[in-house]
Peer 1: 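Just passing along the structure, written as structure tokens.
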2 protein chains.
Amino acid sequence: MTSDPTPVRPVEVDRTSPVPLYYQVATRLQELIESGEIGVGDRIENEVDLADRLGVSRPTTRRAIQYLVERGMLVRKRGVGTQVVHPKVRRPVELSSLYDDLIAGDQGPRTAVLSLAVVPADATVAAALNLVPGAEVTWIERLRYAGDEPLALMHNAIPLDVRDFKREELEVRGLYELLRRAGRVPRMATQVIGARNATLAEARMLGEKRGASLLTMTRTAWDDRGRALEYGSHLYRAARYSFELNLSAG
Amino acid sequence: MTSDPTPVRPVEVDRTSPVPLYYQVATRLQELIESGEIGVGDRIENEVDLADRLGVSRPTTRRAIQYLVERGMLVRKRGVGTQVVHPKVRRPVELSSLYDDLIAGDQGPRTAVLSLAVVPADATVAAALNLVPGAEVTWIERLRYAGDEPLALMHNAIPLDVRDFKREELEVRGLYELLRRAGRVPRMATQVIGARNATLAEARMLGEKRGASLLTMTRTAWDDRGRALEYGSHLYRAARYSFELNLSAG
DNA sequence: CACAAGACTTTGTCAGGACAAAGTATTGAC
DNA sequence: GTCAATACTTTGTCCTGACAAAGTCTTGTG
């Protein structure tokens with residue numbers, strides 16, 4: 001016995017608002033699902049009826065539903081209907097979460113800039129940023145703290161044309177924010193997560209014992225036009241840090 | 001001086017094909033970009049003209065372009081046009097790549113099933129799979145090899161109602177394939193990647209020294225209807241394995 | 001020459017309609 | 001009763017048409 005689809009109750013769209021209709025509908029649906037009014041496993045009203053009742057066209061309704069399907073909240077099946085599969089938005093791994101270490105620099109955890117200099121790129125950096133070997137880059141070394149304890153040792157290389165960095169700004173605002181202010185917004189990134197044992201020097205900086213397990217993460221980020229923006233090579237204390245990913249398959 | 005948009009040359013859509021038109025167009029565009037006929041930074045023809053020339057409607061063309069935008073190959077700007085930002089498809093982290101360790105079991109690397117038994121779920125497993133503590137699950141322990149060398153030690157817990165597993169099948173087909181055959185397709189997953197030093201027992205199984213750095217990955221996967229499908233807790237030799245992710249921000 | 005107003009280009013949103021395809025439920029024949 | 005054919009529901013694809021909004025380029029004014 002299949003349960004009847006839950007009708008979406010009082011919903012009105014605001015046609016004077018600059019917010020697109022499909023987005024208004026999607027947001028409303030999302031609220032209903034997150035609040036539990038439409039539970040996991042429930043079917044929602046079919047597109048045609050929903051569109052009618054909201055007073056919008058079917059394409060608009062479809063687009064709203066599609067938006068939530070892509071976010072992993074809903075699943076559609078032809079001939080069957082649209083079902084809630086998850087009450088929370090499961091983002092398909094966002095750059096924002098990827099950059100949380102940088103964003104977070106704006107708020108809580110303290111970040112110390114250990115060094116900031118213009119140096120010639122070594123082979124690895126040059127390859128990652130698609131530069132000619134020996135081209136100059138801004139090289140940043142930072143130590144991130146969580147409370148009093150060191151958490152991560154972060155190295156970044158940024159092409160010279162991206163921006164001129166100042167130490168104080170970097171400590172206060174964080175790398176990500178500075179890039180954004182320069183109008184260079186990351187659009188794409190590849191990252192590799194691995195692990196290895198700490199060297200003596202690394203262990204000392206991070207307050208670990210030699211040989212302690214460290215998480216390694218290297219990342220290259222590109223902007224809108226495919227220009228390399230940033231190369232990062234970071235070390236995290238494995239005992240105090242892990243990466244969390246939410247994935248969805250369409 | 002902006003360069004003229006590259007016209008997409010001989011393209012025809014096949015209306016007798018069961019492949020959707022928008023997908024045909026997207027595939028054709030993708031080929032042109034991957035082959036380099038349309039280079040990074042080039043603008044492609046505008047939607048309206050493209051649609052005209054292909055003999056399809058603008059919404060269909062838009063959908064094709066949208067598809068490639070979501071994959072990170074193209075970027076659109078209102079009033080400007082659509083530009084190529086990356087010549088290869090950068091998938092936003094797929095479940096398929098997430099499951100490569102399982103899929104790969106079908107082909108190259110050998111996987112030995114160390115144990116396969118029905119046991120009561122411990123607290124961690126029960127919580128991850130959303131079961132009552134003590135409920136029975138199929139518990140699988142496997143050792144993955146790359147060539148002659150051990151690569152990973154994998155533990156999985158699968159709710160009993162999902163499927164009845166046989167050792168031989170598991171060795172030959174891999175877990176993922178067996179789940180798929182049971183009609184339980186993973187749609188969503190959360191995973192946590194961390195690291196720690198190997199215990200003596202783990203080191204022995206993996207052919208490492210005690211204290212060697214290991215990558216840890218725990219994952220819970222859900223199917224279509226939000227039912228927990230699989231919990232996995234895996235250990236990888238950090239010296240021989242790393243996770244690669246491609247991310248895009250919309 | 002500098003700068004603002006306007007024209008133009010291009011993508012973004014939205015409507016309404018039509019038919020196809022994939023499930024589900026019902027009906028009918030044996 | 002069982003099973004296959006049929007009807008029905010629901011999403012998937014595709015079309016035409018229209019206007020809005022955000023850039024870019026041109027033009028004209030001071």
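In the text below, chain A, chain B and the rest are named by the order of the sequence lines, each starting its count at 1.
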Peer 1: Take atom CZ of Arg62(A) and atom P of dT11(D), then tell me their distance rounded to the nearest Å.
Peer 2: 8 Å

Peer 1: Using the 3.5 Å cut-off, write out each protein N or O paired with an N or O of nucleotides 14-18 of chain D and the distance between them.
Peer 2:
unit_1, atom_1, unit_2, atom_2, d
dC14(D), OP1, Leu21(B), N, 2.3
dC14(D), OP2, Leu21(B), N, 3.2
dC14(D), OP2, Tyr22(B), N, 3.2
dC15(D), OP1, Arg15(B), NH1, 3.4
dC15(D), OP1, Arg15(B), NH2, 2.5
dC15(D), OP2, Ser57(B), N, 3.0
dC15(D), OP2, Ser57(B), OG, 2.7
dC15(D), OP2, Thr60(B), OG1, 2.5
dA18(D), N6, Arg58(B), NH1, 3.4

Peer 1: Any side-chain heavy atom of Thr82(A) sitting closer than 4.5 Å to one from Glu45(A)?
Peer 2: no

Peer 1: Looking only at side-chain N and O atoms, does Thr82(A) come under 4.0 Å of OP1 or OP2 in dT11(D)?
Peer 2: yes

Peer 1: If you look at every heavy atom in Val40(A) and Val85(A), which pair is closest and at what distance?
Peer 2: CG1-O, 3.9 Å

Peer 1: Rounded off to whole Å, could you give me the CD-to-P distance for the Glu45(A) and dT9(D) pair?
Peer 2: 15 Å

Peer 1: Of the nucleotides dT10(D), dT11(C), dG23(C), which has the atom closest to the Val80(A) side chain?
Peer 2: dG23(C)

Peer 1: Please state whether the rings of His155(B) and Trp139(B) are parallel, tilted or perpendicular, taking 30° and 60° as the class boundaries.
Peer 2: parallel

Peer 1: Out of curiosity, Tyr231(A) OH to Leu131(A) CG, how far, rounded to the nearest 0.5 Å?
Peer 2: 12.5 Å

Peer 1: Please find the pair of heavy atoms, one from Leu229(B) and one from Pro159(B), that lie closest to each other, and give the distance.
Peer 2: O-CD, 3.4 Å

Peer 1: Over how many whole Å does the gap from Ile65(A) atom CD1 to dT11(D) atom P extend?
Peer 2: 7 Å

Peer 1: Grab the CG-P distance between Asn46(B) and dT24(D) for me, whole Å please.
Peer 2: 16 Å

Peer 1: Measure from the side-chain heavy atoms of Arg43(A) and tell me the nearest of dG12(C), dT13(D), dT10(D).
Peer 2: dT10(D)

Peer 1: Can you measure Tyr67(A) atom OH to dT13(C) atom P for me and round it to whole angstrom units?
Peer 2: 12 Å

Peer 1: Once side chain to side chain contact (heavy atoms under 4.5 Å, CB included) is applied, do any residues pair with Ser35(A), and if so which ones, sequence neighbours excluded?
Peer 2: Glu37(A)

Peer 1: Rounded to the nearest 0.5 Å, what separation is found between the CZ atom of Arg43(A) and the NZ atom of Lys77(A)?
Peer 2: 11.0 Å

Peer 1: Taking atom P of dG23(D) as reference, at what distance in whole Å does atom CZ of Arg76(B) sit?
Peer 2: 15 Å

Peer 1: Between dT11(D) atom C1' and Ile44(A) atom CD1, what is the distance in whole Å?
Peer 2: 11 Å

Peer 1: Can you tell me the distance, in whole Å, between the NZ atom of Lys77(A) and the P atom of dG23(C)?
Peer 2: 9 Å

